[in-house]
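Have a look at the structure below before the remarks.
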Amino acid sequence: MQEMSTHSTAQPILLAGVFAVVGCDGTGKSTLTHDLLERLRAQGPATRSYLGLVSGEVGDKIKSLPFIGVRLENNLHTKANRALDMEKKLPGTGTSIIMYILSLWRALLMAGVIRRSRRQVKVITDRYPQVEIAGFHYDGPGLTTDRSGHWLVRKLAAQEHKLYEWMAKHRPAVVIRLNIDADEAYARKPDHDISELRDKIAVMNRLTFNGAIIRDIDATAPYPQVLEAALEAIREADAGHPS
């Protein structure tokens, strides 16, 4: 992995009513975000936005494509992993263009979150973009400027970094970070590589999301306790930053 700037260089902008749920695979982000959405909709306008790439819900959608879905998802996953390996050069220009397009897609999703926040619609996000550590697996930039000799790849990497700086400067009202140990995560997601899970957990604990308020929750606790702790974090964020 590559360390990047600790914070976005731009002045942070608070997104009132936006609540980000982050954590390693196996922490139950999908279940929790859907349940939180149901609770928030009982109080007023609310929606959910998935902000991940390649893996998770996007990966499942790619896999569902007829004939080529599974192969395409595996190919993207492998190339994303290769881009994270700091001992190797970045993928070729074709793959770099695809990765840049994926980051553009994430920026479009983020723009939708910002618009809904301004309209006083509460938003639960599954994952959240950051600019501190490179890598799609960590919801950071997929490309870096100093690892390729090709001018187009360097240009795409520089433009992508600007996209992530723009996204990261928008702080959610609170980041709900679900914590889990690698063995439990692997027990829940046995189709994942346990070394990759350990890496994600280590990185997740280091992210600050540009100085956002972070509420840590033990994802191994009984689910009703996890849900109530997340709702309490949202209530506290609303009390401190009413929309």
Side-chain angles (χ1 to χ4, degrees), residues 1-10 20 22 24-25 29 49-115 125-170 191-193 195-196 199-200 203-204 207 209-210:
M1 77 189 69
Q2 176 168 332
E3 296 281 353
M4 308 188 83
S5 56
T6 303
H7 301 289
S8 171
T9 56
V22 304
C24 175
D25 303 283
K29 296 188 299 297
S49 181
Y50 179 77
L51 298 180
L53 294 175
V54 180
S55 61
E57 293 180 17
V58 172
D60 290 341
K61 288 178 181 179
I62 294 173
K63 286 180 183 178
S64 69
L65 295 173
F67 306 113
I68 65 168
V70 172
R71 182 178 298 179
L72 177 59
E73 194 277 339
N74 287 337
N75 185 262
L76 286 171
H77 188 81
T78 298
K79 288 178 178 178
N81 278 338
R82 183 184 175 191
L84 289 174
D85 190 338
M86 304 309 294
E87 295 180 357
K88 297 178 181 178
K89 290 185 178 180
L90 283 170
T93 55
T95 301
S96 296
I97 290 170
I98 292 173
M99 294 175 75
Y100 179 71
I101 291 172
L102 287 171
S103 289
L104 280 175
W105 173 248
R106 175 178 266 158
L108 286 173
L109 294 175
M110 188 66 195
V113 170
I114 294 168
R115 285 195 302 271
T125 76
D126 184 332
R127 305 172 68 157
Y128 204 82
Q130 53 83 23
V131 74
E132 301 164 52
I133 295 178
F136 279 172
H137 291 320
Y138 320 125
D139 298 318
L143 305 170
T144 55
T145 57
D146 58 347
R147 294 173 52 216
S148 174
H150 196 287
W151 69 269
L152 179 58
V153 176
R154 292 199 306 272
K155 185 176 180 63
L156 290 174
Q159 290 298 117
E160 184 197 46
H161 191 271
K162 291 179 181 178
L163 282 177
Y164 278 84
E165 283 197 324
W166 172 76
M167 288 187 279
K169 80 175 181 179
H170 292 87
D191 58 327
H192 287 49
D193 187 292
S195 62
E196 184 178 306
D199 179 59
K200 283 187 177 181
V203 170
M204 190 57 57
L207 296 175
F209 295 95
N210 198 19

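Residues Pro141 and Gln130 come closest through the heavy atom pair CD-O, 3.7 Å. Heavy atoms only, all atoms of each residue included: Met110 and Pro129 are closest at SD-CG, 4.0 Å. For Thr125 against Ala20, the heavy-atom pair with the smallest separation is OG1-CA, 3.2 Å.
Ile98 CD1 to Leu156 CG: the interatomic distance, rounded to the nearest 0.5 Å, is 11.5 Å. We find the CG-CG distance between Asp191 and Asp25 to be 9.0 Å, quoted to the nearest 0.5 Å. One distance of note links CG of Asp193 with NZ of Lys200; it measures 10.5 Å at 0.5 Å rounding.
Side-chain contact between Asp199 and Tyr138: present, with at least one pair of heavy atoms (C-beta onward) separated by less than 4.5 Å. Side-chain contact between Asp139 and Arg106 is present, with at least one heavy-atom pair separated by less than 4.5 Å. Looking at heavy atoms from C-beta onward, Ser96 lies out of side-chain contact with Leu152 at the 4.5 angstrom threshold. With a 4.5 Å cut-off on side-chain heavy atoms, Met99 and Thr95 count as touching.
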What's the verdict on side-chain contact (heavy atoms from CB on, under 4.5 Å) for Met167 and Val131, showing C-alpha distance, side-chain angles and the deciding distance?
CA-CA 8 Å; Met167 288 187 279; Val131 74; over 6 Å; no
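In this structure Ser103 satisfies the side-chain hydrogen bond (donor to acceptor under 3.5 Å, both in side chains) test together with Glu160, Tyr164, sequence neighbours excluded. Residues passing the ring pair (Phe, Tyr, Trp, His ring centres under 6.0 Å) test with His170 are Trp166, sequence neighbours excluded.
The backbone N or O of Phe209 lies less than 3.5 Å from a partner atom in the side chain of Glu132, making a donor-acceptor pair.
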